[in-house]
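As structure tokens, the structure follows; a few thoughts come after it.
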There are 2 protein chains.
Amino acid sequence: MGLSMNRLREFREQAGLTQDRLAVCVKVSRQTINSIEAGRYVPSLELALRLGRVFGCRVEDLFGIPEVDDAGKA
Amino acid sequence: MGLSMNRLREFREQAGLTQDRLAVCVKVSRQTINSIEAGRYVPSLELALRLGRVFGCRVEDLFGIPEVDDAGKA
DNA sequence: GCTTGTCGTAAAGTATGCTTTACATACCGG
DNA sequence: CCGGTATGTAAAGCATACTTTACGACAAGC
């Protein structure tokens with residue numbers, strides 16, 4: 001739910017990268033980048049870390065913080 | 001490779017939590033926590049984000065930064 | 001009209017995160 | 001001795017990330 005919305009596209013466009021070039025940078029296929037931007041699935045931790053490194057930001061800046069959550073938390 | 005070594009146990013013990021209690025906090029099974037600490041696999045992004053939230057640290061503090069790059073990768 | 005570049009998306013296959021169930025160890029208190 | 005707590009680990013099964021291959025659409029330029 002929360003994670004299917006991310007700021008990947010925003011970061012990528014601001015960096016002036018195509019999906020293809022970003023994909024090469026982080027060593028996945030172009031479709032993987034596209035699917036993540038489209039919210040079709042959330043990346044693995046490894047990929048998320050690589051993306052954060054490319055953009056010089058925290059993983060939490062790209063994905064996350066949404067899920068405050070479920071009441072019975074603690 | 002790099003990600004199989006993480007600081008989860010360190011953070012957990014410092015927080016005075018058992019594997020069981022931490023598991024409940026982040027809503028996974030105890031075995032999942034154990035396996036991550038043992039380096040048997042790396043967590044999903046969702047779980048990593050929840051863990052970071054529990055410990056009040058960045059995902060990168062728990063997992064990461066290791067993989068500077070490939071060198072002989074290909 | 002053709003090609004080239006960027007994007008959107010789908011299907012089948014492989015890898016792996018996570019679950020449940022289960023058992024084994026070790027420490028501790030009684 | 002026994003019971004409870006905390007940990008280590010394994011197997012089978014389900015869900016999903018990621019791959020390759022493939023096709024469709026839109027714009028730009030020649």
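Throughout, a chain's letter reflects where its sequence line sits, starting with A, and its residues are numbered from 1.
- For the OP1/OP2 pair of dT16(D) and a distance below 4.0 Å, the side-chain nitrogens and oxygens of S44(B) include no atom meeting the criterion.
- Every residue two or more places apart in sequence or in another chain was checked for a side-chain hydrogen bond (donor to acceptor under 3.5 Å, both in side chains) with R30(B), and none qualifies.
- The heavy-atom pair separating P43(A) from L47(A) by the smallest distance is CB-CD2, 3.8 Å.
- If you take CG of L8(B) and P of dG8(D), they are 11 Å apart, rounded to a whole angstrom.
- For the pair E60(B) (side chain) and V59(A) (backbone), a donor-acceptor distance under 3.5 Å is present.
- Scanning for side-chain hydrogen bond (donor to acceptor under 3.5 Å, both in side chains) contacts around R21(B) gives an empty result, with sequence neighbours left out.
- For DNA chain C, none of the residues of residues 9-17 of chain B falls under the heavy-atom distance limit of 4.0 Å.
- Computed from coordinates, the R50(A) CZ to dA17(D) C1' distance equals 12 Å when rounded to whole Å.
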Contact list (N/O, under 3.5 angstrom) for nucleotides 26-29 of chain D vs protein:
none

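- Although no hydrogens or angles enter the test, the distance criterion places no donor-acceptor pair under 3.5 Å between the side chain of N34(B) and the main chain of Q19(B).
- Atom OH in Y41(B) sits roughly 14 Å away from atom P in dG8(D) (whole-Å rounding).
- The side-chain hydrogen bond (donor to acceptor under 3.5 Å, both in side chains) test applied to T32(B) returns S29(B), not counting sequence neighbours.
- Residues passing the side chain to side chain contact (heavy atoms under 4.5 Å, CB included) test with R7(B), sequence neighbours excluded: E10(B), F11(B).
- Looking only at side-chain heavy atoms (C-beta outward), D61(A) and F55(A) stay at 4.5 Å or farther from each other.
- What separates CD of E37(A) from P of dA17(D) is a distance of 16 Å, to the nearest Å.
- Residue contacts shown for T32(B) include a base, since a base heavy atom lies under 4.0 Å away.
- Shown here are the side-chain hydrogen bond (donor to acceptor under 3.5 Å, both in side chains) partners of Q31(A), two or more places apart in sequence or in another chain: there are none.
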Check the interface with nucleotides 9-15 of chain D: list each N/O to N/O pair with the protein under 3.5 Å, or write none.
from: dT9(D); atom 1: OP2; to: R40(B); atom 2: NH1; distance (Å): 3.2

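- Distance D20(A) CG to dT19(D) P: 12 Å, rounded to the nearest Å.
- Here chain A contacts DNA chain C (any atom closer than 4.0 Å to a heavy atom, that is under 4.0 Å), and the contacts span dT6(C) to dA10(C) from 5' to 3'.
- Closest approach of L49(A) to G64(B), counting heavy atoms only: CD1-CA, 4.2 Å.
- An OP1 or OP2 oxygen of dT19(D) is reached within less than 4.0 angstrom by a side-chain nitrogen or oxygen of S29(A).
- The side chain to side chain contact (heavy atoms under 4.5 Å, CB included) test applied to V54(A) returns L22(A), C25(A), V26(A), not counting sequence neighbours.
- Each ring-ring contact (aromatic ring centres under 6.0 Å, His included) pair with one or both residues in residues 13-33 of chain B, not counting sequence neighbours, would appear here, but there are none.
- The list of ring-ring contact (aromatic ring centres under 6.0 Å, His included) pairs with a residue in residues 21-52 of chain B, not counting sequence neighbours, is empty.
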